[in-house]
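Okay, so here's the structure we're looking at.
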Amino acid sequence: MYCMNSVASISNTVAKHHLEVRGSNFLSGQIKISGAKNSALVLMAATLLTEEALFLKNIPSLTDINVMSELLSSIGVRIERKSNEISLTARDLLQSELPYKLVHALRASFVCAGPLLARIGEVSIPLPGGCRIGNRPIEEHIRGLEALGASVSIEKGVVKAKLPKNKKKLKGAHIKFNCQSVGATETILMAATLAEGRTVLENSAQEPEIQDLANMLNSMGAQIRGAGTKEIIIEGVEKLNGCNHTVIPDRIEAGTFLIAAAITRSSISLTPVIPEHLEAVFKKLRECGCLINTMGDSVKITPNEITAVDVTTSPYPGFPTDLQAPFMALMTTAKGTSKITETVFEKRMQHVSELNRMGSSIKLLGNTALITGVPQLTGTSLSAGDLRASAAMVLASLSAKGVSKIIGLDYLDRGYERMEDKLKKVGADISREKITISANKNSKEGFKPLTPQSIQQEVA
Ligand code: EPZ
């Protein structure tokens, strides 16, 4: 069933939105980059480690942030938001059970297991389950919590972790992850800050969002070294204080807009960015024919003729899996044939069929796509199946001939703050249109549920 972003009374009409893109416009000017979603979410979860208030600045306005706020409030965290600032106080935690509905809506919420267990000695959190891009198991999170001395059980789809009876705190340990997992590194890093003694995390993920988390935890009084490398060392402390922290800029949003410039053969600049966070992306954009100039916390891209390059995704500092779909959209009109291989998530190629509906020529062989560039795509109705696939649809539509109509904005709004406004500001012809859909009632079956197809028919 397709989730709805604004629901009129389900009598017989439903209001939805789609994006309408009239392609082939050149872009020019500067785009402001928002705070990083994948950092803000875990920084908010870290509030569970202290009784004192956390003040976070540069928080993006995204539906995922709203869900994390709702989840934290549901267990007693007091939250105040004012534009892109948020204060969180977890003094009076009411419970250690996290509600299924919210955990299911936001996989990232599983990282709350670490700080809650470390702070109050127990946590009960539903298994987040897989999603459209992969099975996304969490055994590395559980292995880490068990290594810190917790007893963990899974009953009826709920993970229950607690300290052994006679223990007041988790105990530091040497943990080697079987895979470089961003979420597992974050969960165990947070739990270890309040554990007894030293914890060493080997084969940790090295993403900038983990560095941002460690920087904030250290300003709360934690003792963390090596974040951003494969080995992180944490000396447990008695308690953590509150702090003020500004979220780093979103490197994935920045990468998406750099590709928007390349795909429309336009020169634009972005600010603020942290250039080193984008090295792998700059490398591929330069390889395929773009000039990239960085000046302090700004970057300017000037594309020339775009030629095909091969890309393989991998954990940071490799090419980010979150930019695989947007980069594939670029390769659909590049000169020559490119190969894109996805190694991080096993089901992250759903955008291929939609891009082929626009006239691109992509063959899929397992987790590798072979893309033969075509002169231009043609606008059509598109349905996005996940967050980054939805961004790829927008980018492809910007360069296409004619009009595209994109549904699935629930996904887009999870990770991109007012994307169409930012693109409009630099000259894109794009708008968010309301569509009112009558859920057709026929005599025999009553209301027929809405599906991407029925919405597609309405949009077409
Ligand atoms: C984070 O997800 C990001 N989400 C993802 O961004 C991003 O794609 C991913 O890292 C990789 O960079 C947030 O930060 C909220 P992982 P996470 O654990 O932590 C396997 C977006 O578009 N694995 O690093 O869930 C897993 O199945 C989102 O913004 C295990 O096998 O990713 C995957 O194949 C999508 N066992 C790989 O590791 C485990 O216990 C990487 O997953 C944990 C993970």
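Predicted, not measured: the structure shown is a model, and the values here were computed from it. The chain is numbered in sequence order, starting from 1.
A salt bridge is absent between D64 and R107; no separation between the charged side-chain nitrogens and carboxylate oxygens falls under 4.0 Å.
Under the 3.5 Å distance criterion, with hydrogens and angles disregarded, no donor-acceptor pair is assigned to the side chains of T313 and Q324. At a cut-off of 3.5 Å, with distance as the only test, a side-chain donor of R348 or T321 sits close to an acceptor on the other residue. Judged by distance alone, the side chains of R132 and Y411 do bring a donor and an acceptor atom under 3.5 Å apart. Side-chain contact check for Q376 and S24: at least one donor-acceptor pair (N or O, by modelled atom type) lies under 3.5 Å. When only modelled atom types and interatomic distance are considered, S124 and E97 share no side-chain donor-acceptor pair under 3.5 Å. The closest side-chain donor-acceptor pair between N203 and Q180, if any, does not fall under 3.5 angstrom.
Here E253 pairs with K422 under the salt bridge (charged side-chain N to carboxylate O under 4.0 Å, His left out) rule; sequence neighbours left out. Partners of V67 by side-chain contact (heavy atoms from CB on, under 4.5 Å), not counting sequence neighbours, listed by chain and number: L102, A105, L106. For S314, the side-chain contact (heavy atoms from CB on, under 4.5 Å) partners at least two apart in sequence or on another chain are T343. Taking the side chain to side chain donor-acceptor pair (under 3.5 Å) definition, one finds that T187 meets it with H141, sequence neighbours left out. With sequence neighbours excluded, the residues satisfying salt bridge (charged side-chain N to carboxylate O under 4.0 Å, His left out) with E420 are R432. Shown here are the side-chain contact (heavy atoms from CB on, under 4.5 Å) partners of E433, two or more places apart in sequence or in another chain: H18, E20, S431. The side-chain contact (heavy atoms from CB on, under 4.5 Å) search around K339 returns D310, T368, L370, not counting sequence neighbours. Shown here are the side chain to side chain donor-acceptor pair (under 3.5 Å) partners of N66, two or more places apart in sequence or in another chain: R81. Among residues two or more places apart in sequence or in another chain, the salt bridge (charged side-chain N to carboxylate O under 4.0 Å, His left out) test is passed with D386 by none. Checked against salt bridge (charged side-chain N to carboxylate O under 4.0 Å, His left out), K176 has no partners two or more places apart in sequence or in another chain.
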Step-by-step salt bridge (Lys or Arg N to Asp or Glu O under 4.0 Å) determination, R251 to E209: CA-CA 10 Å; R251 62 193 170 100; E209 294 74 26; 2.8 Å; yes
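When side chains are defined from C-beta on, V21 counts as touching I406, because their heavy atoms get closer than 4.5 Å. Contact annotation: the side chain of S397 approaches that of L382 to within less than 4.5 Å [non-hydrogen atoms, C-beta and beyond]. In this structure the side chain of M331 reaches within 4.5 angstrom of the side chain of V309, judged on heavy atoms. The side-chain heavy atoms of K284 and F327, taken from C-beta on, include a pair separated by under 4.5 Å. A 4.5 Å side-chain heavy-atom check between M190 and L217 finds at least one atom pair inside the cut-off. Side-chain contact between F177 and L201: present, with at least one pair of heavy atoms (C-beta onward) separated by less than 4.5 Å. Using a 4.5 Å heavy-atom cutoff, the side chains of L19 and K405 are not in contact.
The side-chain hydrogen bond (donor to acceptor under 3.5 Å, both in side chains) analysis of residues 294-304, with sequence neighbours excluded, yields the pairs S267-T302, T271-D297, T271-S298.
A side-chain contact (heavy atoms from CB on, under 4.5 Å) with Y416 is found for one member of D250, I252, L423, L409 and no other, namely I252.
The local environment of OH in Y100 is sparse, with at most 12 non-hydrogen atoms from other residues, nucleotides or ligands closer than 6.0 Å.
The CG atom of L116 sits 5.5 Å away from the CG atom of L98 when rounded to the nearest 0.5 Å.
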Pairs of donor and acceptor atoms involving the side chains of residues 69-79, under 3.5 Å and at least two apart or interchain, shall be tabulated with distances.
unit_1: S69; atom_1: OG; unit_2: I65; atom_2: O; d: 2.9
unit_1: S73; atom_1: OG; unit_2: S69; atom_2: O; d: 2.7
unit_1: S74; atom_1: OG; unit_2: L71; atom_2: O; d: 2.5

